[in-house]
*Asks:* 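One structure, as structure tokens, below. Some questions next.
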There are 2 protein chains.
Amino acid sequence: MTVLVFLDPAYEAGRIADASQPQLMATDQGATRGDGIFESLLAVNGIPRKVQAHLDRLATSAQTMDLQLPPADAWERAIKTAIAEHPPVEELVIKLLVTRGVEGAAAPTAWVQASLPPSAGQRQRTDGISVLLLDRGYDSSLAERAPWLLMGAKTLSYAVNMAALRYARKNDADDVIFTSSDGRVLEGPTSTVLMARVRDGVRTLVTPLLESGILPGTSQAVLFKAAASAGWQLGYGPLEPDDLYEADAVWLVSSIRLLAPVKSIDGKEIPVSPELTEELTALLAEGSRE
Amino acid sequence: MTVLVFLDPAYEAGRIADASQPQLMATDQGATRGDGIFESLLAVNGIPRKVQAHLDRLATSAQTMDLQLPPADAWERAIKTAIAEHPPVEELVIKLLVTRGVEGAAAPTAWVQASLPPSAGQRQRTDGISVLLLDRGYDSSLAERAPWLLMGAKTLSYAVNMAALRYARKNDADDVIFTSSDGRVLEGPTSTVLMARVRDGVRTLVTPLLESGILPGTSQAVLFKAAASAGWQLGYGPLEPDDLYEADAVWLVSSIRLLAPVKSIDGKEIPVSPELTEELTALLAEGSRE
């Protein structure tokens with residue numbers, strides 16, 4: 001079942017809508033132009049994780065897109081309503097969506113959606129994933145000089161991300177790591193890249209350089225904080241594919257699927273570490289509850 | 001007024017829907033991920049222009065996106081219904097939209113929308129437009145080696161195109177010409193670039209090389225055919241910005257706005273030719289009626 005709660009000034013806790021019926025205008029620019037932004041977060045046993053981090057990133061996306069957002073407390077109330085309206089489950093996906101509305105609309109269309117997570121994601125946490133490296137076409141220095149490309153904003157225009165995933169599946173892989181045209185490791189279509197290096201007893205957690213035009217990962221951020229407290233060293237790219245092949249473990253991390261261990265890249269097996277996956281998954285859960 | 005006609009096997013001529021009411025599922029992947037394709041065409045005095053060219057391009061987009069399209073005759077009937085349902089007007093915008101539907105849907109969501117054209121477009125045909133050159137970030141050889149980037153497909157993921165137009169307007173310009181990271185002229189966010197060269201009495205109409213990852217322009221195609229019959233030479237890029245500055249006239253051409261003469265690029269005035277605009281607009285209209 002899917003629960004929809006629209007943010008509506010006339011409804012303090014949000015306006016609950018029937019998800020089995022059409023609720024969006026066909027002329028909404030979210031639908032006709034992918035002109036909007038979103039966030040996905042996980043609620044575990046009814047408690048939404050990292051709400052502030054997701055609202056912060058939503059605000060950054062809104063600013064990049066010149067969208068006026070409803071206030072944070074309206075989102076928080078709508079999230080609470082959506083969770084309360086859904087039958088109790090261990091894991092629930094909470095999506096926050098904002099579109100520019102119909103042409104000339106005074107305010108954006110904003111809603112919260114609660115639904116069950118895809119089963120594949122839960123399986124991949126334990127079974128691991130095979131990934132392909134695919135060129136994203138942009139060079140890693142582009143983001144700062146070309147704000148109109150909206151890099152770093154989480155927009156609804158995800159057709160390329162979805163096409164990359166379909167391309168991977170057609171080629172017997174589960175997921176994708178995008179690379180830049182200058183050969184840097186960027187991110188997954190719906191995840192952040194993370195790797196562990198263990199050298200002479202020193203454990204380092206590394207993620208690509210944020211300035212390369214990737215989306216700042218909310219899970220990566222809380223995990224880094226928790227890992228540092230637990231004695232990990234932290235590192236930020238630039239990373240190249242060879243760094244991944246030489247790592248002691250690689251993951252794609254995201255709010256819903258959490259840590260998915262990468263077991264092969266472009267058909268070449270890489271080391272996996274169930275122990276590190278377990279330890280970091282626990283640290284991520286701990287950091288996400290704060 | 002807006003008319004909506006959904007393609008629905010149960011309705012031979014299409015299912016007319018009330019555009020003032022929500023008609024789309026909030027979980028439709030068109031709305032949540034910009035996961036779909038579209039076309040916009042002009043109907044003049046009730047006669048839709050270039051229907052076959054738009055259906056052909058829609059089919060190419062669908063193939064690139066792994067979307068199953070309703071058959072061409074269903075589109076033709078729905079277009080006819082949409083035009084008939086709208087009060088008679090000289091110019092009507094007909095949009096064809098296809099989304100992947102809700103997760104797990106057996107068939108895509110497909111509909112035709114008929115509405116009045118934006119008034120700015122009609123004004124710009126005579127007044128001309130100022131444009132900015134903006135880096136699209138991709139190099140011009142990328143399209144063929146990276147099919148997952150969906151270049152050449154007209155997807156609903158238009159957030160970057162819309163952001164580029166907002167960027168132009170904030171910087172006192174009307175429109176944008178995208179350039180590739182290797183300095184080639186590409187296309188407008190919603191239009192094809194066209195330029196005229198007149199040398200020693202020889203008139204040449206030039207457009208950027210299609211292989212540079214741009215959308216094949218349906219208006220450019222019919223105009224080229226009509227212009228060739230009228231004695232014009234035809235040329236295909238590669239073009240660089242200097243070619244635009246040295247042209248005798250530059251236009252952005254699209255199905256709705258038609259030929260919009262470019263009067264300045266990055267704040268630098270370029271020659272405009274009302275005579276050529278008039279001649280080519282007539283050729284475009286003639287070619288579009290076929």
Side-chain angles (χ1 to χ4, degrees), chain A residues 2 4 6 17 19-38 64-66 95 97 99-100 103 111 113 115 118 134-139 142-143 145-151 153 155-168 170 176 181 213, chain B residues 2 4 6 17 19-38 64-66 95 97 99-100 103 111 113 115 118 134-139 142-143 145-151 153 155-168 170 176 181 213:
Chain A
T2 298
L4 296 178
F6 282 81
S20 72
Q21 295 299 317
Q23 297 292 353
L24 272 192
M25 301 293 279
T27 49
D28 191 295
Q29 294 168 87
T32 58
R33 291 174 182 163
D35 199 352
I37 56 178
F38 77 105
T64 308
M65 289 273 281
D66 301 312
K95 284 187 84 168
L97 300 108
T99 74
R100 202 173 299 279
E103 197 90 44
W111 73 100
Q113 176 187 313
S115 56
L134 295 185
D135 186 353
R136 186 63 188 82
Y138 293 136
D139 88 63
L142 189 65
R145 60 176 204 271
W148 51 86
L149 296 180
L150 303 173
M151 292 155 88
T155 79
L156 294 176
S157 285
Y158 254 41
V160 165
N161 304 51
M162 296 297 115
L165 291 174
R166 284 195 304 276
Y167 184 91
K170 272 189 221 167
V176 167
S181 57
Chain B
T2 297
L4 295 178
F6 282 81
S20 72
Q21 295 299 316
Q23 297 292 354
L24 272 192
M25 302 293 279
T27 49
D28 191 295
Q29 294 170 86
T32 59
R33 292 175 182 163
D35 199 351
I37 55 179
F38 77 106
T64 308
M65 290 273 280
D66 301 312
K95 285 188 83 168
L97 299 108
T99 75
R100 203 172 297 280
E103 197 90 44
W111 73 99
Q113 176 187 313
S115 57
L134 295 185
D135 187 354
R136 186 62 187 82
Y138 294 136
D139 88 61
L142 189 63
R145 59 174 205 272
W148 52 85
L149 297 180
L150 303 174
M151 292 155 88
T155 80
L156 294 176
S157 284
Y158 254 43
V160 165
N161 303 52
M162 296 297 115
L165 291 174
R166 284 196 303 277
Y167 184 91
K170 273 188 219 164
V176 167
S181 58

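This is a predicted model, so every value here is computed, not measured. Within every chain, numbering begins at 1; the chains are lettered A, B, ... in the order of the sequence lines, protein sequences first and strands thereafter. Values reported hereafter were calculated over all heavy atoms of this structure, with side chains retained and with hydrogens, waters and symmetry mates removed.
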*Asks:* Rounded at 0.5 Å granularity, tell me how far OH in B:Tyr138 sits from CG in A:Leu142.
*Replies:* 9.5 Å
*Asks:* Report which part of A:Arg136 has an atom under 4.5 Å of a heavy atom belonging to chain B: side chain, backbone, both, or neither.
*Replies:* both
*Asks:* Please flag which part of B:Ala26 lies under 4.5 Å from any non-hydrogen atom of chain A: side chain, backbone, both or neither.
*Replies:* both
*Asks:* Heavy-atom distances under 4.5 Å only: say whether B:Leu149 touches chain A with side chain, backbone, both or neither.
*Replies:* both
*Asks:* Mind checking whether A:Asp28 and B:Leu24 have side chains closer than 4.5 Å, heavy atoms only?
*Replies:* no
*Asks:* I'd like to verify something: which residue of A:Gly137, A:Gly34, A:Ala19 has the highest number of heavy-atom pairs under 4.5 Å with chain B?
*Replies:* A:Gly137
*Asks:* Sort A:Thr155 into side chain, backbone, both or neither according to what part of it lies under 4.5 angstrom from a heavy atom of chain B.
*Replies:* side chain
*Asks:* Look up atom CG in B:Asp35 and atom OH in A:Tyr158, then write down how far apart they are to the nearest 0.5 Å.
*Replies:* 12.5 Å
*Asks:* Could you tell me which portion of A:Ser20 (side chain, backbone, both or neither) has an atom closer than 4.5 angstrom to a non-hydrogen atom of chain B?
*Replies:* backbone
*Asks:* Mind checking the OG1-CE spacing from A:Thr32 to B:Met162? Nearest 0.5 Å is all I need.
*Replies:* 8.5 Å
*Asks:* With a 4.5 Å cut-off on side-chain heavy atoms, are A:Trp148 and B:Val176 touching?
*Replies:* no
*Asks:* Among B:Arg145, B:Arg100, B:Gln113, which residue forms the greatest number of heavy-atom pairs with chain A at distances under 4.5 Å?
*Replies:* B:Arg100
*Asks:* Under a 4.5 Å heavy-atom cut-off, does chain B meet the side chain of A:Gln21, its backbone, both or neither?
*Replies:* backbone
*Asks:* Which bit of A:Pro147 is near chain B, if near means a heavy-atom gap under 4.5 Å: side chain, backbone, both or neither?
*Replies:* side chain
*Asks:* Tell me which of these, B:Val160, B:Leu165, B:Leu134, has more heavy-atom pairs under 4.5 Å with chain A than the rest.
*Replies:* B:Leu134
*Asks:* Answer yes or no: is there a side-chain heavy-atom contact under 4.5 Å between A:Met65 and B:Arg166?
*Replies:* yes
*Asks:* With the side chain counted from C-beta on, respond yes when A:Leu156 and B:Arg33 share a heavy-atom pair under 4.5 Å apart, and no when they do not.
*Replies:* no
*Asks:* Picking from A:Thr2, A:Asp66, A:Thr64, which has the most non-hydrogen pairs under 4.5 angstrom with chain B?
*Replies:* A:Asp66
*Asks:* Could you grab the distance from atom CE of A:Met25 to atom CG of B:Leu4, nearest 0.5 Å is fine?
*Replies:* 8.0 Å
*Asks:* Is A:Leu97 in contact with chain B via its backbone, its side chain, both, or neither, using a 4.5 Å heavy-atom distance?
*Replies:* side chain
*Asks:* Checking A:Tyr167 against chain B: side chain, backbone, both or neither under 4.5 Å from a heavy atom?
*Replies:* side chain
*Asks:* Between A:Ala164, A:Ala163, A:Ser157, which shows the greatest number of heavy-atom pairs under 4.5 Å with chain B?
*Replies:* A:Ser157
